[in-house]
K.L.:
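To start, I am sharing the structure in question, which I have written as structure tokens.
All heavy atoms count here, side chains included; hydrogens, waters and symmetry mates do not. Throughout, numbering of the chain's residues begins at 1 and tracks the sequence.
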Amino acid sequence: MGTHVYNLASAHGKRVQSMMGAKNHAVVLPDAHREHTLNALAGAAFGAAGQRCMATSVAVLVGAARDWLPELVAKAATLKVGAGSEPGTDVCPVVSVAAKQRVLGLIEAGQREGATLALDGRNVQVDGYPDGNFIGPTVFADVKTEMSIYTQEIFGPVLVVIGVDTLDEAIALVNRNPFGNGTGVFTQSGAAARKFQSEIDVGQVGINIPIPVPVPYFSFTGSRGSKLGDLGPYGKQVVQFYTQTKTVTARWFDDATVNDGVNTTISLR
């Protein structure tokens, strides 16, 4: 769903790199700043109605942070659903009727497969827009990794919540997911943050930041199932991508008939 394709065509052929799908996780440790974390999760999961490749679609609550679920649901429920042009709108419509039906189908699949629908955003009504493609913030709890709402990129305002006991379990869970686009950890522990950034196998990592999109002079570094190609579309890597390298190997001999036998050295830079 969140695929971006970049290509370079030339007389020598075509190179292609593709930024693929995503399933971005936010790992929440119990020592994290609670209000900041809840606000960040709500914005990252439901902003732009979840229709961005860097949306946070999975919250991994570690240990006692699992007790934060009711507050997370309450925070999501306060968000205003409306047209993007209307002042005060927090959650805009999804892009099309087909997109809405796809998201609704995945919500139904989540219920059918046994997840707990902690916040139901279906059937939301927006004054003045009776036919709008609106879906309100939706939160699933008790999610298992084999469920469709976890394995597929929903690309809508749906957050799935998984509870684990330890940071090690959280890191292993994220690394088992086939996608490697972005992830974040919320903690006030420098040791936990260092462990996470060192052991996580994801291209873009945020620490107390939910959507770690780099500014353009750094490269967009998705990995594994989230990226096809050897270089990224930002920063120095994009210069390499759009550069054709030329290698010249030369051997010269001093020729008395040209320079009267005087040795000449020329350095090219």
Side-chain angles (χ1 to χ4, degrees), residues 1-4 19-28 37-62 65 68-69 72-73 75-76 79 81 90-95 99-100 102-111 113 115-122 135-164 170-171 173-186 200-206 209-213 222-227:
M1 294 295 292
T3 302
H4 306 279
M19 308 312 294
M20 308 291 282
K23 199 71 177 181
N24 304 315
H25 299 67
V27 174
V28 181
T37 301
L38 293 174
N39 286 334
L41 289 177
F46 308 118
Q51 300 172 113
R52 48 189 173 186
C53 66
M54 293 304 296
T56 295
S57 53
V58 183
V60 183
L61 306 184
V62 180
W68 296 16
L69 178 61
L72 177 58
V73 170
K75 178 72 68 175
L79 300 178
V81 181
D90 297 308
V91 182
C92 63
V94 294
V95 70
K100 179 179 180 179
R102 180 180 181 277
V103 174
L104 293 178
L106 283 166
I107 294 173
E108 292 172 4
Q111 286 186 294
E113 294 170 8
T116 300
L117 189 56
L119 180 62
D120 189 351
R122 296 172 296 180
I135 303 173
T138 299
V139 180
F140 274 105
D142 305 314
V143 175
K144 307 299 182 185
T145 56
E146 65 271 14
M147 294 178 177
S148 300
I149 53 174
Y150 179 77
T151 60
Q152 295 190 42
E153 184 180 16
I154 299 175
F155 225 66
V158 181
L159 177 68
V160 303
V161 180
I162 298 176
V164 298
I171 291 172
L173 185 149
V174 176
N175 286 345
R176 282 195 304 270
N177 189 279
F179 294 114
N181 198 34
T183 187
V185 64
F186 290 84
I200 207 71
D201 186 13
V202 174
Q204 294 161 124
V205 180
I209 298 172
I211 306 181
V213 179
S223 64
R224 297 187 287 134
S226 292
K227 179 181 177 183

K.L.:
Looking at V174, T56, V60, N24, which one forms a side-chain contact (heavy atoms from CB on, under 4.5 Å) with T183?
P.N.:
V174
K.L.:
Which heavy-atom pair separates V81 from G136 by the least distance, and what is that distance?
P.N.:
CG2-CA, 3.8 Å
K.L.:
Look at the side chain of Q111 and the backbone N and O of L117, then say whether any donor-acceptor pair between them is shorter than 3.5 Å.
P.N.:
no
K.L.:
What pair of heavy atoms forms the shortest contact from A141 to L69, and how long is it?
P.N.:
CB-CD2, 3.6 Å
K.L.:
Out of L159, L106, I149, which residue meets the side-chain contact (heavy atoms from CB on, under 4.5 Å) rule with F140?
P.N.:
I149
K.L.:
Going by side-chain contact (heavy atoms from CB on, under 4.5 Å), H25 matches just one of I200, L173, N175. Which one?
P.N.:
L173
K.L.:
For the OG1 atom of T37 and the CH2 atom of W68, what is their distance to the nearest 0.5 Å?
P.N.:
5.0 Å
K.L.:
Do you know which two heavy atoms are closest between V143 and A115, and how far apart they sit?
P.N.:
CG2-CB, 4.2 Å
K.L.:
Roughly how far, to the nearest 0.5 Å, is the CD atom of Q204 from the CD1 atom of I209?
P.N.:
12.0 Å
K.L.:
Can you tell me how far apart CG (L61) and CZ (F186) are? Round to the nearest 0.5 Å.
P.N.:
11.5 Å
K.L.:
Can you tell if the side chain of V95 reaches within under 4.5 Å of the side chain of F155, non-hydrogen atoms only?
P.N.:
no
K.L.:
Is the shortest side-chain heavy-atom distance between T138 and R122 below 4.5 Å?
P.N.:
no
K.L.:
Go through the steps for D90 and F46 under the test side-chain contact (heavy atoms from CB on, under 4.5 Å), then give the verdict.
P.N.:
CA-CA 8 Å; D90 297 308; F46 308 118; over 6 Å; no
K.L.:
Any idea which heavy atoms bring A49 and P93 closest together, and the distance?
P.N.:
CB-O, 4.1 Å
K.L.:
Quick check: closest heavy atoms across A65 and V28, and the distance to 0.1 Å?
P.N.:
CB-O, 3.5 Å
K.L.:
Measuring from I154:CD1 to K23:NZ, what's the distance to the nearest 0.5 Å?
P.N.:
4.0 Å
K.L.:
Mind listing the closest non-hydrogen atom pair of A42 and L79 along with its distance?
P.N.:
O-CD1, 4.2 Å
K.L.:
Once you round to the nearest 0.5 Å, how far does NZ of K75 lie from CG of L119?
P.N.:
14.0 Å
K.L.:
Is the closest side-chain donor-acceptor distance between S57 and E153 under 3.5 Å?
P.N.:
no
